[in-house]
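Remarks on the structure that follows.
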Amino acid sequence: MPRVIFAGSGQKGTVRIGSTVLDAALSLQAPMEHVCGGSASCTTCRFEVVSGPENLSPPARAELALDLGPGLRLGCQTRILGDVTIRIVKFPGKTVL
Ligand code: FES
């Protein structure tokens with residue numbers, strides 16, 4: 001099972017392969033917001049990859065259409081395929097320290 005680390009907030013653990021980053025955050029109690037409930041319309045679940053970008057699913061069509069900014073992804077649209085370290089970015093762009 002992939003190992004996920006939330007840099008800054010410190011939560012870490014393993015998740016099922018194919019889980020979304022948002023699902024991982026919720027199960028590990030990392031402070032990722034999700035105002036729209038995962039429908040790719042609020043962008044409050046945004047994050048940046050610290051390590052292991054090759055272990056995430058490619059950007060979804062919804063992410064590409066939203067123009068999130070350099071290096072930013074949506075937790076509700078990104079699936080975990082292997083070990084990864086991510087940093088939650090608080091809306092409208094503050095990183096969790
Ligand atoms: S939860 Fe709203 S865009 Fe991801």
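Just so you know, residue 1 is the first one in the sequence shown, and it goes up from there. Whatever order the structure lists ligands and atoms in, that order sets their numbers, starting from 1.
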Least distance between heavy atoms, Cys42 atom then Val35 atom
SG-N, 3.7 Å

For residues 16-28, pull every pair meeting side-chain hydrogen bond (donor to acceptor under 3.5 Å, both in side chains), keeping only residues two or more places apart or in separate chains.
Thr20-Asp23

Residue among Ile5, Val49, Val4 satisfying side chain to side chain contact (heavy atoms under 4.5 Å, CB included) with Thr85:
Ile5

So if you build clusters from Ile, Leu, Val, Met, Phe, Trp, Tyr with side-chain heavy-atom gaps below 4.5 Å, do Val50 and Leu56 land together?
no

Under 4.5 Å between side-chain heavy atoms, hopping through other hydrophobics if needed: is there a path connecting Leu26 to Val84?
yes

So which heavy atom on Arg3 is nearest to which on Asp83, and how close?
N-OD1, 2.8 Å

Contacts of atom 4 (Fe) of ligand 1 with protein N/O/S atoms, counting only those under 2.8 Å:
Cys45 SG, Cys76 SG

